[in-house]
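We name chains A, B, ... by the order of the sequence lines, and we start the count at 1 in each one.
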Protein chains: 2
Amino acid sequence: MSTRRATISDVAREAGVSPSTASVVFSGKTPVSDATRRRVLDAAAALGYTGPDPRAASLRRGRSGIVGVVFEEHLRTAFLDPVKTLMMDGLADAVAPLGAGLLLLRDQEPTGSGPSLTTAPLDAAVLIGCSGLLRESLDAVRARGIPVVVIEGDAGDDVPRIGLDNREAQRQAASHLRTLGHRDVAIVALPARAGWERGWLGDGTAITIDVTRERLAGALDVFPDAPAYAAAGSFIDEGLLAGRELFADPARRPTAVIAQSDLLAAGVIRAAEEAGLRVPEDVSVTGFDGIVVDGLAPYELTTLVQPATEKGRAAGAAVAAMIDGGVAASISFTCTFHEGNTTGPAPAP
Amino acid sequence: MSTRRATISDVAREAGVSPSTASVVFSGKTPVSDATRRRVLDAAAALGYTGPDPRAASLRRGRSGIVGVVFEEHLRTAFLDPVKTLMMDGLADAVAPLGAGLLLLRDQEPTGSGPSLTTAPLDAAVLIGCSGLLRESLDAVRARGIPVVVIEGDAGDDVPRIGLDNREAQRQAASHLRTLGHRDVAIVALPARAGWERGWLGDGTAITIDVTRERLAGALDVFPDAPAYAAAGSFIDEGLLAGRELFADPARRPTAVIAQSDLLAAGVIRAAEEAGLRVPEDVSVTGFDGIVVDGLAPYELTTLVQPATEKGRAAGAAVAAMIDGGVAASISFTCTFHEGNTTGPAPAP
DNA sequence: TTGTATGCGTTATCAT
DNA sequence: ATGATAACGCATACAA
């Protein structure tokens, strides 16, 4: 058992064929006679050879079958977001036909430890919500000719981008509310920037997170004077805190709340219940994302359903195309408005 | 630009040093004079060389820096479980010092497509809740000498296992309830087996999921006659359905419910509220896992806190040890009982 | 501190 | 259908 592991050459010798023939038996790239295949397979079994070493194969082929997925946050944080999870699923689907898998990469990895964009054997990379912190490694990767795609972010002009019509979609929700007669509307926004600790968004507040800014713009297109309170993250509990803030002063209660995510919306609904308000009779609430919020029944959010899995799939298709030497264009996906039971006519004044 | 990518030999030649010297400049394995380093780095910059090719390096080194994580379900399903997410985080932490990253692998990958335990360039593999479906690939992997560790599952005797004292822990929660005077207790269990569709667990029901069986045993140790209703998954909505079932008949309402997960417990609480029962005055509820359930405030579950991140970290440490040629022992982690505000004295009859 | 030599295990190409 | 040959790009043992 202390002897070195068998290689394909050992198998070939044992089977009395050439290494290239043995290789072909395992790869199936070329027809092989049944008899030969048998002999090779038997030899392999005899030697305990379980197939080509992926490391050697990937060197020779120039492909590793690995697509890196870069998050800018802790994994635990990333996967708390149902939309990201769905995207991962779509991504996994789309790269599977390539024979590729997903390697989890964290931006901000403590230097030196851990794999990075530059040290991992990647065939391609997908950046999720790239903030710009990793621009340098990004350049290195692109210099190496590794295809890169960005989801919900901006990594420079020539990096294909998978996006969403955030502004337009949010405008639809707002219009829906206006049609229902709402005039006093408040917005519960996603964080304004990394490290943001909940609070009102003033005129001068710099919003560096694209999604937040775009959805906000869409809401303001319809309700230019709507006040906006930005949460510290996309969680029910954060929506609850924001909602309490909105409903604190009975005199200035909005009749409708535009939340920038379904989880925030769920929290706002809780806050409304707490304040003795009925949804949608006293206050209407809209969400964004179109995920299924566990535990929210019997409410069914009025929301914008974003094709999260499709986004992941598109990103996968894009890197697949690029790996095959093609080019991939940026794509913008469209949300679908879904009317649930959390919005209704504005209450009489 | 159409020329082939520069290699470390090109860089060495350009810098007027030997390939090995250039290699050392990038790996840092051996001291190099400042002047030489400069020359090499400059040459690299001039040629657009961005560092050693990870594929070649991994063949030479015999290591890829990749640890496979195998799930038996869709990624979307796996990451819905907060415990798994935390484990992933711990795992990522623990393998980072190895310079390794996590490759997501799905069990049941449609044959032929996608990377598998056998085709991916893995240094080690971690199986999560291994059901036994992938026993064959597992054998192949182990034959190849790749270290394997299992979390919450069983892959055979000589595969180290990271476990939890499920039975003992659940017994603690049950004892707590008995101490509080509860006698009519019901159990809301996790699924009995893959594909299970909620329902009462009868005497003859085969329970193939270890966690479910062990936690159930712990509860029955204290309340041998407690009826158990198994949900279709660990979700708030599933707990709600189970709870409705339990509280349907006022005459046979339990005074306490032992839920096998925090999410189920949250759902049971919702069901209790629905039925007009106060928690914990009318009915006590215990959970399991010790995660933070978003949106459950002001309730704070009485639950068993499992060291989820630690489990992941331990799995990582185990594979790290095995990669370095050592051996890793199985470990069983212990839950910590946490008393929240969802349990109280049994109501007077 | 630097250079020389070798092989890691495969697979693509081309010829047979 | 099969075989001979030549890379793939690097890191290490060892010598200088």
Side-chain angles (χ1 to χ4, degrees), chain A residues 3-41 43-44 47-65 99 118-123 144-146, chain B residues 3-41 43-44 47-65 99 118-123 144-146:
Chain A
T3 175
R4 136 189 151 293
R5 168 140 265 92
T7 74
I8 204 169
S9 303
D10 299 330
V11 172
R13 194 175 323 115
E14 173 88 7
V17 301
S18 76
S20 48
T21 301
S23 171
V24 157
V25 167
F26 287 100
S27 74
K29 291 272 187 188
T30 300
V32 181
S33 79
D34 274 357
T36 307
R37 185 196 331 285
R38 258 248 90 67
R39 288 226 309 288
V40 171
L41 260 21
L47 296 178
Y49 179 81
T50 54
D53 178 336
R55 280 180 282 262
S58 78
L59 171 59
R60 177 60 239 231
R61 285 215 249 261
R63 296 234 184 130
S64 61
T118 49
T119 62
L122 305 180
D123 287 346
R144 232 162 78 204
I146 294 181
Chain B
T3 175
R4 130 190 155 291
R5 168 142 265 84
T7 76
I8 204 168
S9 303
D10 299 329
V11 172
R13 194 176 323 113
E14 172 87 7
V17 302
S18 77
S20 61
T21 302
S23 171
V24 158
V25 166
F26 287 101
S27 74
K29 290 274 188 191
T30 301
V32 181
S33 77
D34 274 359
T36 308
R37 188 201 324 286
R38 260 247 90 68
R39 289 226 309 287
V40 171
L41 259 22
L47 296 178
Y49 179 81
T50 55
D53 179 337
R55 280 180 283 261
S58 79
L59 171 58
R60 177 60 234 239
R61 287 210 175 98
R63 296 233 184 129
S64 62
T118 49
T119 62
L122 304 181
D123 287 346
R144 232 162 76 205
I146 293 181

Grab the [atom1]-[atom2] distance between [X] and [N] for me, whole Å please.
X	N	atom1	atom2	answer
B/R61	C/dT6	CZ	C1'	18 Å
B/R60	D/dA7	CZ	P	20 Å
A/R37	D/dA1	CZ	P	10 Å
A/D34	D/dT2	CG	C1'	15 Å
A/I8	D/dG3	CD1	P	13 Å
A/R39	D/dG3	CZ	C1'	13 Å
A/F26	C/dG9	CZ	C1'	13 Å
B/L59	C/dT11	CG	P	11 Å

What's the separation between atom CZ in B/R60 and atom CG in A/L59, rounded to the nearest 0.5 Å?
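Between atom CZ of B/R60 and atom CG of A/L59 there are 12.5 Å.
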To the nearest 0.5 Å, what is the distance between CG on A/L41 and CZ on A/F26?
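Interatomic distance, A/L41 CG to A/F26 CZ, rounded to 0.5 Å: 5.5 Å.
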Indicate, with a heavy-atom threshold strictly under 4.0 Å, whether [X] touches base, sugar-phosphate, or nothing.
X	answer
A/S20	base
B/Y49	sugar-phosphate
A/V24	nothing
A/T30	base
A/S58	nothing

OP1 or OP2 of D/dT2 less than 4.0 angstrom from a side-chain nitrogen or oxygen of A/S33, does that happen here?
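A/S33 to D/dT2 OP1/OP2: side-chain N or O found under 4.0 Å.
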Return no unless some side-chain N or O of A/T7 is found under 4.0 Å from OP1 or OP2 of C/dG9.
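No, because none of the side-chain N or O atoms of A/T7 sits under 4.0 Å from OP1 or OP2 of C/dG9.
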Mapping B/G16 and A/G51 onto DNA chain C by nearest heavy atom, which one lands closer to the 5' end?
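Taking each residue's closest nucleotide, the earlier one in sequence belongs to B/G16.
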Using a strict threshold of under 4.0 Å (side-chain N to carboxylate O), is an ion pair present between A/D123 and B/R55?
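Answer for the salt bridge query: yes.
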Does some side-chain heavy atom of A/Y49 sit less than 4.5 Å from a side-chain heavy atom of A/D10?
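SC-SC contact between A/D10 and A/Y49 ruled out.
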Side-chain heavy atoms of B/V25 within contact of B/R39, under 4.5 Å
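The answer is no; the side chains never approach within 4.5 Å.
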Could you check which of [options] has an atom nearest any side-chain atom of [X]?
X	options	answer
A/T21	C/dT10, D/dT12, D/dT2	D/dT2
A/V32	C/dT11, D/dT2, D/dA11	D/dT2
A/P52	D/dT12, C/dT10, C/dT2	C/dT10

